[in-house]
Number of protein chains: 2
Amino acid sequence: MRLLLIEDERELAAALSGALSKHGIVTDHTMYLADAFELTRQNSYDAILLDRRLPDGEGLTFIPMLRRAGTYTPIIVLTARNEPLERVEGLDVGADDYLGKPFLVDELMARLRAVLRRPPSLTELKITVGRMLIDPLHLSVTVESTPLDLPRRELLVLAALAKRKDKTVLRSTLEAAVYNYEEEIQSNALDAHISRLRKRLLDAGAGVAVHNIRGVGYLLKEE
Amino acid sequence: MRLLLIEDERELAAALSGALSKHGIVTDHTMYLADAFELTRQNSYDAILLDRRLPDGEGLTFIPMLRRAGTYTPIIVLTARNEPLERVEGLDVGADDYLGKPFLVDELMARLRAVLRRPPSLTELKITVGRMLIDPLHLSVTVESTPLDLPRRELLVLAALAKRKDKTVLRSTLEAAVYNYEEEIQSNALDAHISRLRKRLLDAGAGVAVHNIRGVGYLLKEE
DNA sequence: CCGCGAAGATTGCGGCAGCATTACGGGGAG
DNA sequence: CTCCCCGTAATGCTGCCGCAATCTTCGCGG
């Protein structure tokens, strides 16, 4: 589990990071809202712990900002500003919970767990083709809910085809999906991958077929 | 919106019902757990407000009972038993929030809104794989109900894998689950953890296997 | 209907990247 | 002081994947 801690009191932050790490929680720490926003763009956190009084502004303003950017990571506000009406304020701008300082780490942990009892991610993009379920984000493929592990390059080809199933994918598009600009190919490596992928899909009974459109590219279709 | 209020103080219940009705909320009220359970079977509530001290028992016992019956309606505990450790207790049996009496109706409303914003929590608290039972929130592992204690980093790896059992977990995801951005690794530390974890799982007869998908990541599967 | 050329399919081979394992030592907790 | 976690690095190995040779398929023109 990985948290983002936005807090300007260094000692508290250090102590909290230490205490959380004993619970197996990895913590990234920053004092600034601007940094925090950047960090949320680069990493995926399970939850965010947010102080209100921060050097570059009121912490609460961070919440609508984040939500507007499409991030719905649970947020727990940790603050000395703990009047009932301040709690209302915090919860109503979108915080998931609100905990006044000082607090017991045990209670923070319990509130974290309560907030995290929810489905992992709302934005899991999945594609079904034939008997297969493809998750291009996690590069995972299952056939009838039994996992199918493919070599990386074949996975990339399959994912690229699946994203445009029933439509032709240009040969050049496939190459771009599998190779970055540093790795250049001078052979029919892509064809080889297609071939091996076909065989593996057949063996697994995936219920799909990779068709070739001569001179153009390939196409993934159910059988 | 329709709530179920489980509370034995008549005046408080009446006052609360009145106050909530001003916000357009319909409230069903009962003093007894037995009745409450029956009501949840007959009606569908948006949330449940639960007192702890009730004529026919401790209110908290209601929560696992309800969850076991497959009902995941959000629950807010309202009680005078408001010590931090009591709050932990309440949240850890599955309450979504915990509010000490006395409270402002405005705060209750705000917490209600916060709880209702969260996606419905269908998430299982525990994960079973092979002979293991894993609680990723408390980071505890048991094999055939005897506890298995693993070093922290290995636990984190295992929990991350368990949360996506039978699906691939990207190498980068595992790294993010174990290390924060300050601690960078320049070696195969993760591989070492995997290796040691495998051995420990084998010794414990856990009945699971950690598979590698070359160039992609890892995957936890029953043997 | 036939023949020819180009694109694609398939497969064995070899190099090497990525993984598994393990020993070692520093460092932190009790 | 002692234990053990954990990062590091050395070693060996597996199998992915680029390459190329060979065979097959497709489309077009005569």
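Residue numbers start from 1 in every chain, and the chains themselves are labelled A, B, ... in the order their sequence lines are given, proteins ahead of strands.
The side chain to side chain donor-acceptor pair (under 3.5 Å) contacts involving residues 141-155 of chain A comprise Arg153(A)-Glu183(A), Glu154(A)-Arg200(A), where partners must be two or more places apart or lie in separate chains. Every pair passing salt bridge (charged side-chain N to carboxylate O under 4.0 Å, His left out) that includes a residue from residues 20-30 of chain A is listed here, sequence neighbours excluded: Arg2(A)-Asp28(A).
The stretch residues 11-23 of chain A has no heavy atom under 4.0 angstrom from DNA chain C at all. At a non-hydrogen distance threshold of 4.0 Å, Arg196(A), Arg200(A) from residues 194-211 of chain A come into contact with DNA chain D. In the region residues 152-161 of chain A, proximity to DNA chain D at under 4.0 angstrom, judged on heavy atoms, holds for Arg152(A), Arg153(A). The stretch residues 163-178 of chain A does not touch DNA chain D, since none of its heavy atoms comes less than 4.0 Å from the strand.
Every residue meeting the salt bridge (Lys or Arg N to Asp or Glu O under 4.0 Å) condition with Arg81(B), not counting sequence neighbours, appears here in chain and number order: Glu58(B), Glu86(B). Every residue was checked against the salt bridge (Lys or Arg N to Asp or Glu O under 4.0 Å) condition with Asp46(A), not counting sequence neighbours, and none meets it. Residues forming a side-chain hydrogen bond (donor to acceptor under 3.5 Å, both in side chains) with His193(A) (at least two apart in sequence, or on another chain): Tyr179(A).
Note on Tyr179(B): every side-chain N or O is 4.0 Å or more away from OP1 and OP2 of dC6(D). Residue His193(B) has a polar side-chain atom (N or O) positioned under 4.0 Å from OP1 or OP2 of dG7(D). For the pair Tyr218(A) and dA9(C), the criterion of a side-chain N or O lying under 4.0 Å from OP1 or OP2 is met.
In the helix from dC1(C)-dG30(D) to dG30(C)-dC1(D), the terminal helix axes, each the rotation mapping four pairs' C1' atoms onto the next four within five end pairs, subtend 40°, rounded to 10°.
Closest approach of Leu174(A) to Ala160(A), counting heavy atoms only: CD2-CB, 3.8 Å.
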Show me the donor-acceptor pairs, under 3.5 Å and distance only, between side chains in residues 202-218 of chain B and residues at least two apart or in other chains.
| unit_1 | atom_1 | unit_2 | atom_2 | d |
| --- | --- | --- | --- | --- |
| Asn212(B) | OD1 | Arg214(B) | N | 3.2 |
| Asn212(B) | ND2 | Gly217(B) | O | 3.4 |

(Q) Counting primed atoms plus P, OP1 and OP2 as sugar-phosphate and everything else as base, spell out the protein contacts along nucleotides 24-30 of chain D at 4.0 Å heavy-atom distance: B, S or - for each nucleotide, 5' to 3'. (A) -BBS---
